[in-house]
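A note on names: the letters A, B, ... follow the listed sequences, proteins ahead of strands, and every chain is numbered from 1. The basis for the numbers below is simple: all heavy atoms, side chains too, and nothing from hydrogens, waters or symmetry mates.
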Amino acid sequence: MIVTRTYRGAHALAGALLYVQHTAGVAIGEEVVIRAPGQAPRRGQVIDAGADVTVIQVLEDTLGLSPARVEIELTGATAQAVVGKELLGRALSGVGAPLDDLPPPVGAAVRPVWGAPMNPSRRVPPGDFIETGISAIDGLNTLVRGQKLPVFSGAGLPALELAAQIVEHARVAGGEPFAVVFAAIGITARETRLFVDRFRGSRALERTVLFLNETRDPTIEQLLVPRHALAEAEHLAFDCGMHVLVVMADVAHYCETLRQVAAARDEVPGRRGYPGYMYTDLASLFERAGVLAGRGGSVTQLPILTMPDDDITHPIPDLTGYITEGQIVLSRALHGQGVFPPIDVLPSLSRLMNAGIGAGKTAPEHRRWADQLYALYARGRDARLMASIVGEGGLSEPDRRARDFAVEFERALVAQGHTRRTIAETIAVGWKLLEALPRTDLERLDDETWARRPGAAP
Amino acid sequence: MSATVTRVTGTLAEARPLRDGALYDLVRVGERGLLGEIIRFTGDTATLQIYEDTTGLAVGAPVAVTGAPLTAALGPGLIGAILDGVGRPLARLADASGDFIAPGATAPTLDPARRWRFTPRVAVGDAVAPGDVLGEIIETPSVTHRVLVPAGVRGAIAAIADGELTVDDPVGRLVDGTPLPLAHRWPIRTPRPVARRLPADRPLVTGQRVFDFLFPIALGGTVAVPGGFGTGKTIVEHALAKYADADVVVFVGCGERGNEMAEVLEQFPRLIDPRTGRPIMERTVLVVNTSNMPVVAREASVYLGVTIAEYYRDMGLTVAVMVDSLSRWAEALRDIGARLQEMPGEEGYPTYMASRLGALYERAGRARAVGAPERTGAITLVCAVSPPGGDFSEPVTQASLRVAGGLWALDAQLARARQFPAVDWATSYSLYAEALLPWLAANAAPAWPSLRTRVVALLQRDAELREIASLLGAEEMQDGDRLVLAIASTTREHLLGQNAFDPNDATSSLAKTARMAALIVAAWDAAAAALEAGAELDALPLPAFRRAFADVRRAGPAELEARAVLADQAIAAITAVTAIGAGGAS
């Protein structure tokens, strides 16, 4: 039973927080409409429900709001999202309002924005390969359905271009229904265009839902954008059986908003001023990725996160890394050399890679192939560093070869540009790099694997 | 006048008027009956922490006090179960409320319909006291469950069952009419009593060479496993849950990933315990509160896991408890403390975090159980810690180090070099190592203590030399030093490294560990002797030994000795170089 109640006048207003006295039966999380004479209605949400004082977080700018003259309507409902296949091809605001001059979607269902945790006993371990078309990901940091794999980027690095390329090129086995949900969290209009324009006119836009909160939009809405996006993704995946890739950019903006709200509430700040519950809050987003038993689809997440000052130990990438199943790390040095995508393979990791590769999925020898490439590249990078300290002469012959290998690896395997590579093409590029070395340098490859490589002499 | 909610903020609620009930008593809140507990009284107002999502909970909602604290249901059926932080069985919860967990959903921890074959071990007329064994149930083919006399119950048996029972049936009664239950409840924050605590005398064999050989943990010991993200904490915890030689394993997934728990649920029923030949799920209890499940239940999950472990310890079993991760438990404390507006300590953690953490570690140990016949059980506690930014100076790591008997420090640099388990042998330690060496010498290999000393010395010298090599280049170093680097490299990669995904390498018996350590030391000695006799390092067939040694590492039990013999031959070939060299000179 939904009962709306209206109150006149607020007791206090501080920043985005509105304090109202003596509200009966107010519920935590309840949606609120705030009306002021001569102004568009604002939306808010109850964050502290009390018999004496209730605190409402206003989701829009409170500039020009006078607490004595507001009219506060408690709607009796918690935040809901309209979801449905009908949203595919649409662009909506961070709270689900149309941005494309079309009428508001009717949708197939209404779901709570905050979602409920998946029952772990109903989860299926992710293990189905997603071919992104990017060698450094498919070959060495394989993405699987139901995984959450963030891109750790730095200011000015082309993380969105990489995400756009993945969205454009990603394929799941068997041509099963595939959709993309994009949540723009406080990114600039230029960045949105960059992402969206790639698909305009192509078929990709028809299978994409855009939830856009840009820099100029209300900041607090940033906390709701990803949740609206995930409610839609869960519907497409678990009610419609689609494989959904959720791209969220930028998680750093989300965290800053979280900090801003916490500070407004006089909460005890944690590391670098971020609230102590940021891990739990981020988990309530990232843990909404997964596969459920008996339901066809999957939710895969590709959050993009700009590391402040390229610092991977900053609380935002640090807490994210503890929740997600690996990370793709972009390198300023590679970007400076004109490498695209500038993925630094060494700190990158896909925790679920093993489940998604091997015979019948990618290639039978994929694991050892990847281990060998990684080991040689790591050795080559060490050798490069070493040479800069002790000089060329201090390097052993194998170290010198590894150093040269590292250069070739970056040039041939990582720097693929805007082309799409199949997994077979990626594996072939890798073998070619390895074949250029003496067999004795390939310590991670046993003779059997070596003999089984495609194109090996019988 | 009955109590109603007067305020809700996040996971906390206030209720008024509420005077009856005690601190930590459970409450049911609102129409959905959300589970919570009383954590503070102020006048007639009680502060409640709610174990479930509070969204939609309204001021004015009814509050019912149950009159008891949060308890664990203890009885047959725990093994193989997957429970959330407050003991709800997740599989049956899914049957009731679907794929997503709905607030207020309930299901009893122990399946009330399941029937168990009870075999009595006492007879009518026997006098029994608390902790005495009343009878046995084959809970799984791996675990024999002993039904004990509950605390505070004493007297002569008037009746005892022999047959199929449900957990709600009594197994008998005393002459004074007191029923003897098959299952009972125990408050999770109260340690179960023991007759006497015993010192550590033998290791918990983990199957991981770097632990068993360098940093062994005692049966009944505690160890903290800190490591930044991506250093393999979870893989270490999973490896221990799979291969440690404990009778029962309790795995507490505290605030971690849902997909990891799904992986455990998929793998454990298929993996075979080499000691019993049965699936390891038949000795495992899973307590799962993933990071997106309610934070208050996360705080409780660790206590639930330890209480279940104590229950099986009291039966005389060895129990290993893995907590992944204790940092998430501490963060839950911090979260709750902040909402109560308590004065924060270091990094915002409540000031009592360290003492609560210490009390938790103290629930581990080897002990003689209360009651007859005499039984000795043990709880070994292995806690992963997730230090922010990989910085071990943070409060949870430091509080753990004050109480844990061992430190397995996981290092991001080693993980990046794909050295797994990524244990930093320079900072890790085990306070049990000395005490366990006699047992290892007697049960694994007589040379174990001396081999360990040699390998530790090798790794220390290697660390010094690598620092020099990074400044000079290895090419500039003397043959003797380059030999140390070469042998240590093989040691690091193949003796201390293990591949969790290779079935032959994922676990290592003490015999295999000892054989491999002996091979490394023998190869080192042979090569050092060859250099002494004038041979050149580059002329020694060390690469062949390295390959042979890698094959030993990947050997299953059947091939182990044959491959070790091939490695022996590779060592003989090193010695032969000396002979030829010496022969040529004569």
Side-chain angles (χ1 to χ4, degrees), chain A residues 23-29 47-51 78 112 114-126 146-147 238 267-271 276-277 279-280 283-284 287-288 290 292 295 313 315 318 321-323 325-326 346-347 349 352 354 371 374-375 378 386 389-390 393-396, chain B residues 6-10 14 53-60 82 90-91 93-94 97-103 228-230 253 255 257-259 261-263 265-266 288 290-293 295 328 331 334-335 338 344 347-348 386 388-391 416-418 470-476 501 543:
Chain A
T23 46
V26 62
I28 187 97
I47 55 170
D48 186 343
T78 54
W114 299 92
M118 280 184 205
N119 187 319
S121 74
R122 300 293 298 156
R123 280 182 184 264
V124 177
Q147 184 174 14
F238 304 128
E267 289 174 347
V268 181
R271 215 155 49 107
Y277 51 76
Y279 173 85
T280 303
S284 74
E287 278 293 320
R288 288 172 84 171
L292 282 168
R295 308 228 193 176
T313 66
D318 189 52
Y322 273 121
I323 305 164
E325 285 133 355
L346 294 187
L349 169 75
L352 302 181
N354 281 322
D371 284 348
Y374 185 95
M386 174 92 89
I389 300 170
V390 302
L395 292 185
S396 66
Chain B
T6 54
R7 186 177 175 204
V8 192
T9 167
E14 285 174 9
D53 181 16
T54 54
T55 304
L57 181 62
V59 170
I82 313 142
L90 287 171
L93 209 58
S97 76
D99 292 346
F100 294 86
I101 299 174
F229 72 78
R257 303 178 182 90
N259 280 336
M261 298 325 296
E263 189 188 310
L265 294 177
E266 187 209 41
V288 176
T290 56
S291 53
N292 58 336
M293 286 160 75
V295 68
R328 307 304 165 215
E331 283 166 6
R334 175 168 69 183
D335 197 1
E347 296 264 349
S386 317
D391 174 8
R416 266 182 64 174
R418 296 295 195 260
S470 69
L471 296 173
L472 292 181
E475 294 297 290
E476 302 297 317
F501 302 104

Taking every heavy-atom pair that is under 4.5 Å apart, which of A:Ala24, A:Gly276, A:Pro269 has the most such pairs with chain B? A:Gly276
Suppose we screen for ring-ring contact (aromatic ring centres under 6.0 Å, His included). Which residues come up paired with B:Phe229, at least two apart in sequence or across chains? A:Tyr322
Please classify the contact between A:Met118 and chain B as side chain, backbone, both or neither, with a heavy-atom cut-off of under 4.5 Å. both
Supply the atom-to-atom distance B:Met293 CE to A:Thr280 OG1, rounded to the nearest 0.5 angstrom. 13.0 Å
Cut-off 4.5 Å, heavy atoms of chain B, and the answer for A:Val26 is both
Most contact-rich option vs chain A, by heavy-atom pairs under 4.5 angstrom, among B:Ile101, B:Val295, B:Asp99, B:Thr9, is B:Asp99
Contacting region of B:Arg416 [heavy-atom separation from chain A under 4.5 Å]: both
Might you point out which heavy atoms bring A:Gly25 and B:Ala58 nearest each other, and give the distance in Å? O-CB, 3.5 Å
Tell me which of these, A:Thr23, A:Ile47, A:Asn119, has more heavy-atom pairs under 4.5 Å with chain B than the rest. A:Asn119
For a 4.5 angstrom cut-off between non-hydrogen side-chain atoms, does B:Leu90 reach B:Ile82? yes
Taking side chain as everything from C-beta outward and backbone as N, CA, C, O, which of these in B:Leu265 sits under 4.5 Å from a heavy atom of chain A? Side chain, backbone, both or neither. side chain
Highest number of heavy-atom pairs under 4.5 Å with chain A: which of B:Gly348, B:Pro543, B:Ser291, B:Gly60? B:Ser291
Under a 4.5 Å heavy-atom cut-off, does chain A meet the side chain of B:Pro388, its backbone, both or neither? both
Heavy-atom distance under 4.5 Å to chain B: side chain of A:Ile28, backbone, both or neither? both
Using only heavy-atom distances, determine whether the side chains of A:Glu267 and A:Tyr277 contain a donor-acceptor pair under 3.5 Å. yes
No-hydrogen, no-angle side-chain donor-acceptor test under 3.5 Å, B:Asn259 and A:Glu325: yes
Measure across A:Leu346 and A:Tyr374 and return the closest heavy-atom pair with its distance rounded to 0.1 Å. O-OH, 2.9 Å
Salt-bridged, B:Arg418 to A:Asp371, with N to O below 4.0 Å? no
For chain A, which candidate among B:Gly253, B:Gly228, B:Pro103 shows the most heavy-atom pairs at distances under 4.5 Å? B:Gly228
With A:Thr78, which residues qualify under side-chain hydrogen bond (donor to acceptor under 3.5 Å, both in side chains), at least two apart? none
For A:Ile389, which atoms come within 4.5 Å of any heavy atom of chain B: side chain, backbone, both, or neither? side chain
Which one, B:Glu266, B:Glu263, B:Arg257, leads in non-hydrogen pairs under 4.5 Å with chain A? B:Arg257
Counting heavy-atom pairs under 4.5 Å with chain B, which one of A:Leu395, A:Leu349, A:Ile323 comes out on top? A:Ile323
Is it the side chain or the backbone of B:Val8 that comes within 4.5 Å of chain A heavy atoms, both, or neither? both
For each of A:Pro315, A:Ser284, A:Pro112, A:Ala283, tally heavy-atom pairs with chain B at distances under 4.5 Å, and name the one with the top tally. A:Ala283
Under 4.5 Å from any heavy atom of chain B - which part of A:Arg123: both
I'd like to verify something: which residue of A:Gln147, A:Arg288, A:Arg271 has the highest number of heavy-atom pairs under 4.5 Å with chain B? A:Arg271
Of the listed residues (A:Ser121, A:Ala51, A:Ala49), which shares the most heavy-atom pairs with chain B below a 4.5 Å separation? A:Ala49
Side chain from CB out, backbone as N, CA, C, O: work out which of these in B:Thr290 comes under 4.5 Å of a heavy atom of chain A, or both, or neither. side chain
If I take atom OH from residue A:Tyr279 and atom CG from residue B:Asp335, how far apart are they, to the nearest 0.5 angstrom? 13.0 Å
